[in-house]
Novice: 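Pasting a structure below so you can have a look.
The basis for the numbers below is simple: all heavy atoms, side chains too, and nothing from hydrogens, waters or symmetry mates. Every chain is numbered from 1, with letters handed out A, B, ... down the list of sequences.
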Amino acid sequence: MPVYNLTVNGQPRTVDAPADMPLLWVLRDLLDVTGPKYGCGVGVCGACTSHLGDSAVRPCITPISAVSEPVTTIDGLEQNGDLHPIQQAWIDLDVASCGYCQPGQIMTALALIVANPNPTDDDIDIAMSQNVCRCGTYAKIRAAIKEAARVMRGGH
Amino acid sequence: MARRLDPIEPGHQRGAFEPTRREFLQVLIAGSTLMIGGVFLTREEAAALPGPGNTSDQSDIGDSLVAVETPYKYMLKLEVTPHNRVVFQLPRQDKGQGIATALAMMIAEEMDADYDRVDVQLSDRDSNRPTTITGGSSTIRTMWEPARTVAANARLRLVTAAAARWSVPPNQITVKKSLVMHAATGRAANFGELSAEAAALAIPVTPLPLKDPSQYTIIGSADGKGRKNARDIVTGKQKYTLDLRPGDAPDYPANAKPAVVLRPPDIKGRVSESWSLPAPPPGIVYVKINLPDRGPVETGSTFPQPTGIAVVAVADNASFHHALAARNALEPLVDWEPGPMAAMSGEGIRTTLVSLTPALTPVASGLSSLDATFDFPYVAHAPLEVMDAVADVRASSATIWYPSQTPNYQVGQIAAATGIPDANITLHIPFAGGAFGRRLFGEAAIEAALISQQVGLPIKLMWTRNDDMRHGRFRPMTHHAIRATWSNGTIQSWEHQVAAAEMDLRHGYGDALSPPGIALSHPEIEQAAFNATVSVPYEFGATQQRITNMRFEVPTGSWRSIYSGFTMTANEIFVDRLAQAFGADDIQFRLDHLANSTSASAPRAIRVLEKVRDKRAAWGAAPAGHAYGVAVHAEYRSAVAYLVEIDAVDPANPRLARAYAAVDVGLPINRKGLEAQFQGVLIDAFSVMIRAGNHLDAGHIVEGSFSDFHWARMNHSPRSFEVFIFDATSDTPGGAGELGLPPGSAACINAYARATGTQPSRFPVLDPTS
């Protein structure tokens, strides 16, 4: 099997995997990075959403052979015990219910804010409708995105 | 020397709390007049029966569970660690509804503990607590008195230990934030420092006077508490079942192998008898797990038999990818036999239900009347964490990880399937990614145990999304006929006949709904459960609601709000139509018919409706293409009214624009948790009424994933959503988790009807079962 050299959450990792193996299973089963969740396996629920570079992707439909940029998952947002502002916003607004979709929600939202530092409700609707929350926490996600964006803009 | 206060032993005073078993049983069974055996009632049989009493405003499932747990209610484990943490083992499943956080608040309050030093863990299955069901919105109600009493006893022991250590009278001791103090001498010790001495005290658990609500600083606090596991969730550290790795639990196996199951196209389809398994590729093991129809696991056709071919990846460092790839390779090779519903479609079931519906009582001469029918589809629970389980089955013992809502039932099922004695099965309950009733059953845990047993290795089983959508369970399809009659502006009668695909309740509500030693037949249990969940709060004259069931081969189960999800939803849509027929305002019409109601629920319903009336006035006129809808529901000793604004500018793509809920749960524990429940359930409501349902076509479920099961997303959710929670209106908390589904559902339809000038009666509106 081919060997792939990856950067996962800032760390160099080497894996031996079939070329068509989805990044989700590489992360979860070969590297024990379990933040990204399986929810559908076909790219329609968003629970595994992670970043390649600054772009949000679906690891469940991204073969390992297509990964050329650094991988960031929910597990990699916290730096030296300091939460990312978007994680803090999620806690402050008590967004999560069951929490299973939230790693993906946060990574989708972060990509939105990075690309668009002051997203409108319409922007949020478009970007976030890629992700399902079965507990229906959308109102809190919306509020947390606005709060995280505010903090990431420097507090205004 | 004992180092821990662990656990608090139950007192030897059961006589003092000897149940009111007889009383509650009488209350419940009195409501069930259906003592006819057999699979279902014929139309004539059902029509001949006197109208059963719908008792939920007087005595509901929550009351029954409180009563049934009384003999062992104090058998709870609360530990004070030497590190000064309070650890409570909650014999329930938290799957996001927030009960662990609410219990932490209750215990911290009663112990005067530092809330941040209180941990609530989900208890392993405990055979000493036969009823541990997480359902019926009952956790807070059933744990309310026992958990606080155990906490009060722990506090008493710590105070007694401190008094002994310092040789001071206990009544001079104060406790604050896990610190025990004697002010006069300036001495203090934290809970952890006193734990060993407290553990040495032989004080049985007794009912103690509990803290007066006027003293509460945590329970019901204005800000509430965020979830205890919020940080773990947002950092990816929260461990769901398949996130567990060796080291996460002492008994977690070192080499659990990934397993998936290749399933037939049809519900309960089977591998052809004449087909034989090919040799598996290297690193893969196949296991046929077809069980006989009336096998040892569970008899009865609504149980989805574990059926198919397990594909286990047994190589070192095997991944689910390997198991899935092997499954996909095997799929085209298998000969499947059609399932038992191969000749049946959803429309066929609907037609059968229509014909099963008892005729409504004829309208007496001189009365005006209004009729309506409604059809609700099968609906998957679809929790975002798929069905999964880890099983380590040995020769005569088994250790299972499965987030069960019914741990004792689940262990019984695993024991029956594997032949391993019930007592030798350990069931750990991980935190779960949603349930909505789905985890009342645990086919995945049974399958995982069987696969582990046959392969001789610990395995971790994952159902794919398709597996759960096509071979899981569903809210039963229902047909409703409602008739109201009136004269001189006064409603004389209200009749609601529900014809439903059987709801599988065989997980039991413990024995809460059946007398000891008597196994009620399924229709009897259903009628008792129906009566214990639905009751009309209004003064509508002669009122009767009845359910008639028929068993189909589509597996079913309770879905958030059980019978009320369709029954009370249909009622509240019909109430809007009735108000229209009267030319009355929808809210005022409801208030007028609550004003003189004798229902115990009426005062709460009035309270929440009045808030909604005020809010709607403040909102003013709805924009063009938008409309407001209102509905109310009282159950579980609580009530909620919803006001929603639907944007139906494009009637084929409506969304929620704004929402408001007024909530009376008696005594609120955690306002943050309640807000989440009442926001979230409206998304369920909008989804199942407007967008998402399951369709049966020639024996299989059409939908396979969130691509065609059109659950609401951000672009359907309200842009502003206020949840108003009344301060305490009672000295006990009511249930909350399921309460919002019926009125949320009806409010969405009432608004959509108003916005579009239509009268939706088949759901979901955009994709009705046809």
Side-chain angles (χ1 to χ4, degrees), chain A residues 16-18 20-22 24-26 28-30 32-42 44-45 47 73-78 83 86-88 90-92 94-103 106 121 124-142, chain B residues 95-98 224 226-227 229-240 242-243 245 258 317-321 324-325 382-386 431-436 462 464-465 659 672 675-677 679-684 687 705-707 711-721:
Chain A
D16 191 357
D20 64 346
M21 184 165 177
L24 176 63
W25 300 119
V26 172
R28 291 185 55 86
D29 290 348
L30 303 187
D32 286 335
V33 176
T34 56
K37 305 302 182 209
Y38 172 93
C40 69
V42 294
V44 297
C45 82
T73 72
I74 189 70
D75 316 77
L77 290 193
E78 190 180 5
L83 294 175
I86 198 167
Q87 293 172 309
Q88 190 62 51
W90 245 249
I91 291 174
D92 291 346
D94 197 39
V95 172
S97 285
C98 89
Y100 196 81
C101 75
Q102 300 298 348
I106 291 171
D121 277 326
I124 292 170
D125 278 354
I126 293 166
M128 299 308 298
S129 293
Q130 304 168 51
N131 291 59
V132 175
C133 174
R134 182 59 189 79
C135 299
T137 64
Y138 300 123
K140 293 178 186 296
I141 291 173
R142 185 187 298 279
Chain B
K95 49 240 188 319
Q97 77 276 46
R227 272 148 222 274
N229 59 347
R231 186 179 177 114
D232 282 348
I233 287 171
V234 303
T235 53
K237 293 189 176 74
Q238 175 66 49
K239 295 279 186 178
Y240 303 87
L242 291 182
D243 298 333
R245 293 293 183 271
N317 298 320
S319 162
F320 277 105
H321 169 67
L324 287 164
L384 205 57
E385 179 191 359
V386 287
F431 183 77
F436 314 101
M462 181 181 80
T464 64
R465 177 60 58 193
K672 274 205 171 90
E675 182 179 86
Q677 287 280 20
Q679 289 186 345
V681 78
L682 184 66
I683 300 301
D684 281 21
S687 297
S705 192
F706 289 107
S707 49
W711 205 255
R713 304 205 178 202
M714 180 65 86
N715 58 340
H716 307 110
S717 75
R719 289 193 172 175
S720 88
F721 200 145

Novice: Please give me the minimum heavy-atom distance between Thr235(B) and Leu83(A), naming the atom from each residue.
Specialist: CG2-CD2, 3.5 Å
Novice: State which residues pass side chain to side chain contact (heavy atoms under 4.5 Å, CB included) with Asn715(B); sequence neighbours excluded, sorted by chain then number.
Specialist: Asp125(A), Ser129(A), Arg713(B)
Novice: Keeping Asp94(A) on the side-chain end and Arg227(B) on the backbone end, is there a donor-acceptor pair under 3.5 Å?
Specialist: yes
Novice: Measure the shortest side-chain to side-chain distance between Thr34(A) and Tyr240(B) over non-hydrogen atoms and say whether it is less than 4.5 angstrom.
Specialist: no
Novice: Side chain of Tyr138(A), backbone of Ala712(B): donor and acceptor closer than 3.5 Å?
Specialist: yes
Novice: Any non-hydrogen side-chain atom of Gln97(B) less than 4.5 Å from a side-chain atom of Ser97(A)?
Specialist: no
Novice: When you look at Arg28(A) and Asp243(B), which way does the side-chain contact (heavy atoms from CB on, under 4.5 Å) test go after all the steps?
Specialist: CA-CA 8 Å; Arg28(A) 291 185 55 86; Asp243(B) 298 333; 2.7 Å; yes
Novice: Working note: Met21(A) + Ser319(B), criterion side-chain contact (heavy atoms from CB on, under 4.5 Å); need CA distance, chi angles, decisive distance, verdict.
Specialist: CA-CA 9 Å; Met21(A) 184 165 177; Ser319(B) 162; 3.4 Å; yes
Novice: If I compare all heavy atoms of Phe706(B) with all of Cys45(A), which pair ends up nearest, and what's the gap?
Specialist: CD1-CB, 3.9 Å
Novice: Tell me whether the guanidinium CZ or amine NZ of Arg134(A) lies under 6.0 angstrom from the six-membered ring centre of Phe436(B) and within 45° of its axis.
Specialist: yes
Novice: Just give me the residue among Val44(A), Asp20(A), Leu30(A), Asp16(A) that pairs up with chain B most often, heavy atom to heavy atom, under 4.5 Å.
Specialist: Val44(A)
Novice: Show, in sequence, the C-alpha distance, side-chain angles and deciding distance for Asn131(A) and Met714(B), and conclude whether the side-chain contact (heavy atoms from CB on, under 4.5 Å) test is met.
Specialist: CA-CA 8 Å; Asn131(A) 291 59; Met714(B) 180 65 86; over 6 Å; no
Novice: For Ile106(A), which atoms come within 4.5 Å of any heavy atom of chain B: side chain, backbone, both, or neither?
Specialist: side chain
Novice: Mind checking whether Val42(A) and Ser707(B) have side chains closer than 4.5 Å, heavy atoms only?
Specialist: no
Novice: I'd like to check the side-chain hydrogen bond (donor to acceptor under 3.5 Å, both in side chains) partners of Ser687(B); sequence neighbours left out, ordered by chain and number.
Specialist: none
Novice: Where do Asp92(A) and Lys672(B) come nearest, in terms of heavy atoms and distance?
Specialist: O-CE, 4.4 Å
Novice: Got Lys140(A) and Phe721(B) here, is their nearest side-chain heavy-atom distance under 4.5 Å?
Specialist: no
Novice: Leu24(A) versus chain B, heavy atoms under 4.5 Å apart: side chain, backbone, both or neither?
Specialist: neither
Novice: Would the number of heavy atoms belonging to other residues, nucleotides or ligands and lying under 6.0 Å from CG of Asp121(A) be above 12?
Specialist: yes
Novice: List the steps, then state whether side-chain contact (heavy atoms from CB on, under 4.5 Å) holds for Trp90(A) with Ile233(B).
Specialist: CA-CA 9 Å; Trp90(A) 245 249; Ile233(B) 287 171; over 6 Å; no
Novice: Return the minimal non-hydrogen interatomic distance between Ala47(A) and Leu384(B), and the atom names on each side.
Specialist: CB-CD2, 4.2 Å
Novice: Most heavy-atom pairs under 4.5 angstrom with chain A, which of Ser717(B), Gly224(B), Ala318(B)?
Specialist: Ser717(B)
Novice: Is the closest side-chain heavy-atom distance between Leu242(B) and Lys37(A) below 4.5 Å?
Specialist: no
Novice: Quick check: closest heavy atoms across Pro22(A) and His321(B), and the distance to 0.1 Å?
Specialist: CD-ND1, 3.2 Å
Novice: Quick one: sort the Phe320(B) and Trp25(A) rings into parallel, tilted or perpendicular, breaks at 30° and 60°.
Specialist: tilted
Novice: Under the 3.5 angstrom rule, does the side chain of Tyr100(A) hit a backbone N or O of Ala432(B) as a donor-acceptor pair?
Specialist: no
Novice: At their closest point, which heavy atom of Gln679(B) faces which heavy atom of Ala139(A), and how far apart are they?
Specialist: OE1-CB, 3.8 Å
Novice: Is it the side chain or the backbone of Cys101(A) that comes within 4.5 Å of chain B heavy atoms, both, or neither?
Specialist: both
Novice: What part of Val95(A) is in contact with chain B, defined as an atom under 4.5 angstrom from a non-hydrogen atom: side chain, backbone, both or neither?
Specialist: neither
Novice: With a 4.5 angstrom heavy-atom cut-off, which part of Gln88(A) approaches chain B: side chain, backbone, both or neither?
Specialist: neither
Novice: Please flag which part of Gln238(B) lies under 4.5 Å from any non-hydrogen atom of chain A: side chain, backbone, both or neither.
Specialist: backbone
Novice: Does Gln102(A) reach the main-chain N or O of Val234(B) with its side chain, forming a donor-acceptor pair under 3.5 Å?
Specialist: no
Novice: Where does Pro36(A) contact chain B at under 4.5 Å (heavy atoms): side chain, backbone, both or neither?
Specialist: neither
Novice: Nearest 0.5 angstrom please: Asp684(B) CG to Cys135(A) SG, how far?
Specialist: 8.5 Å
Novice: Please rank Gly136(A), Gly41(A), Gly35(A) by heavy-atom pairs under 4.5 Å with chain B and give me the top one.
Specialist: Gly136(A)
